[in-house]
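Presented below is the structure to which this report refers.
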There are 2 protein chains.
Amino acid sequence: MTHSQLRPPTMADVARQAGVSHQTVSRVLGDHPNVRDETRARVLRAIEEMGYRRNFSARALATRRTRTLGVVASNTTLYGPASTLFALEEAARAEGYLVSTVSLRRLTMETLSEALDRLSEGGVEGVIAIAPQRSAVEALAELRHPFPVVAVGTGSGAEVPSVNVDQNLGARLATGHLLAAGHRRVWHLAGPEDWQEAVDRVDGWRATLEAADVEPPMLLRGDWSPLSGYRAGQELAGWVGRGLTAVFVANDQMALGVLRALREAGVRTPQDVAVAGFDDIPESEFFAPPLTTVRQDFATVGKRSIALLLDLIEGRTPSGTSQVSIEPQLVVRASTFPYLPLPGAAPG
Amino acid sequence: MTHSQLRPPTMADVARQAGVSHQTVSRVLGDHPNVRDETRARVLRAIEEMGYRRNFSARALATRRTRTLGVVASNTTLYGPASTLFALEEAARAEGYLVSTVSLRRLTMETLSEALDRLSEGGVEGVIAIAPQRSAVEALAELRHPFPVVAVGTGSGAEVPSVNVDQNLGARLATGHLLAAGHRRVWHLAGPEDWQEAVDRVDGWRATLEAADVEPPMLLRGDWSPLSGYRAGQELAGWVGRGLTAVFVANDQMALGVLRALREAGVRTPQDVAVAGFDDIPESEFFAPPLTTVRQDFATVGKRSIALLLDLIEGRTPSGTSQVSIEPQLVVRASTFPYLPLPGAAPG
DNA sequence: GACGTCATTGTGAGCGCTAACAATTCACGG
DNA sequence: CCGTGAATTGTTAGCGCTCACAATGACGTC
């Protein structure tokens, strides 16, 4: 056992043991310059001996700072949110902040409000809300909170400071790539209407087609899951031979379902139908066939979000004005091109 | 703007406004029974009007409780850790606790120690360490910390209280399933030696073969990534026709790589070689072919871990003794069986 | 040798809350 | 009409830290 049941030592205890005042102990801990080396050493020894650790709550009360940020997220087992969460925590840690997370199953006005309350009671100095559902954005703007909030994935229209990957651009990259490869039309399997990212991807897809003077074909909807992609894929298979040669799917998981459905229907990818996805999850390179997709730089999203939130906390930036946009990147693989095997190599 | 720059109101401010003492305000907030209804209403109105929120630090200082738990994890973008994290946070929230997470890139004695220090300075009352690497377990046992720690995924041998899915059983289920399907031998692509889960899965695989009087074939190693599975799959393809008909792969991501390599080598799954995985990631049902795998119940892992940690914090359980084990479950799909399409359905 | 200056250390007053106890009020029976 | 106990409210003392300021001592200067 390494933790004892006794009341932990206080700064005053350490001070007594070292023969100094509590304030000197505080100075040593705070790296204050004006402490004699000999004194500092004595204090450090006492700290070590007694296993002293500064009390977080007392410190926070006196300084009025908790150095803790909150994050509200949903669907955190998916690659995108999980990656964003990771990047946020890492960026916050680099700035000396701790992160408290609330992971919601569903993001609604009510759950969001509860989450913010909870984080507020937890003493956070600011919150990042990963809120891709459009309903959540409005909630954010209306809700009262005693700290700044930065939204991620809400799209850039809001009155709330936000950080976003340019989804429209991503969709244009994918759609444009398919057109450039010689496909006359590109179909689209979209995400739920309620998601801003889904809307932006539809817009980018449609804009690209219209710019090329192509009439957008029927729009299909899924719910991001592989199963919904599978179902849509079954429908798409029915259009092969009737003008369907290319599909832009709004995320990689649905694209996986589409690939399976096409395969089962005897449709070859990419020879009969080319498929592109969105997200570049780690698995997509190994799909059958490897998937062309759009990569989002979640690490940058995390860093920029934390930077913006800290600016807001320190009062360096007027809130409401700041919108950060990040460029995605097209990753071309076999699902839209003749087959390319990986360079072979001996097993590690 | 919903947050003001002014110093937020204190309990005393509210008390003054409501014409009561600060203690009465505290009673109202704490749902103390002995407050007259009329008084309570007056206080609540004042709270509402002033937008008052209890100060977390002051409360924590006075009660000596932060109601915050810490979690240390690594590889949090993978399905397993992400799911565990989600379950942990949800379970903690249900108990009225907030969760502070530290996500490490690599889990070593040093990074783990830093993470615990950080959480300690953050005032957590206890920590869950998702520490599947064996090196981390030793570190945990040695490190000093002023709060209880529960390990997850370390295997049940340790002196640290821990919660684990029975990996050995999972491996026996998968291997046994392949033997029962008529395969004479089952090969194994293992995870890194440094991971306890990888070790347990190897042991379960080997034990099953030996119990059936089969000599275990050569063991292959990967690093959990699809790419390492791909490389191993290329090697495995060379053994087709020389006794290889079934492979148990230590996780689904590597299995995905194996499937691709076999496909590229012209080896059919499951007709020529059956493949089983481990984890049941959401994608695995849509692999080519859909993957037989072992499902771990992360939600239960989360709940049991939090319950154990809270027991330790409240002093209800002697630490060091508690080992919780959770049973995994075999999920049979087409990769080890004749092809089974999903029931078709109209797109949603 | 008195005095100013700087480095070093100590003192006292909160930070905003809860817990323990004290005080007051009220209802009701004798 | 007073005593008694329960219900209700107030008072006081910390929780363990940091901040502002005061005090001390060493050192150099004129």
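A note on names: the letters A, B, ... follow the listed sequences, proteins ahead of strands, and every chain is numbered from 1. Heavy atoms only: backbone and side chains are in, while hydrogens, waters and symmetry mates are out. Quantities reported herein were computed from a predicted structural model and do not represent experimental measurements.
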Assess the residue pair B/Ser100 and A/Ser100 against the criterion (side-chain hydrogen bond (donor to acceptor under 3.5 Å, both in side chains)); give the C-alpha distance rounded to whole Å, side-chain angles, the decisive distance to 0.1 Å, and a yes or no. CA-CA 4 Å; B/Ser100 279; A/Ser100 279; 3.2 Å; yes
When you check the gap from the basic side-chain N to the acidic O, do B/Glu121 and A/Arg53 get nearer than 4.0 Å? no
Examine the side chains of A/Gln17 and A/Glu49 and answer whether a donor and an acceptor come within less than 3.5 Å of each other. yes
If you measure from the Lys or Arg side-chain nitrogens to the Asp or Glu carboxylate oxygens, is any gap between B/Arg118 and B/Glu114 under 4.0 Å? no
Backbone N/O of B/Arg106 and side chain of B/Thr111: donor-acceptor pair under 3.5 Å: yes
Side chains of A/Phe298 and B/Thr77, heavy atoms from C-beta outward: is any pair under 4.5 Å? no
Is A/Glu125 salt-bridged to A/Arg65, cutoff N-O under 4.0 Å? yes
With respect to A/Arg93, which candidate in A/Glu90, A/Glu89, A/Glu95 satisfies the side chain to side chain donor-acceptor pair (under 3.5 Å) definition? A/Glu89
For a quick check under 3.5 Å, do A/Ser162 and A/Gln323 share a side-chain donor-acceptor pair by atom type? yes
Give, ordered by number, those residues of residues 118-125 of chain A having at least one heavy-atom distance below 4.0 Å to an atom of DNA chain C; if nothing qualifies, reply none. none
Is it the case that more than 12 heavy atoms not belonging to B/Arg105 sit under 6.0 Å from its CZ atom? no
Using a 4.0 Å cut-off on protein heavy atoms (strictly under), produce a 5'-to-3' string for nucleotides 7-17 of chain D with B for base contact, S for backbone-only sugar-phosphate contact, and - for none. -BBBBB-BBBB
Per the end-axis method with five pairs at each terminus, what is the bend angle of the helix from C/dG1-D/dC30 to C/dG30-D/dC1, to 10°? 60°
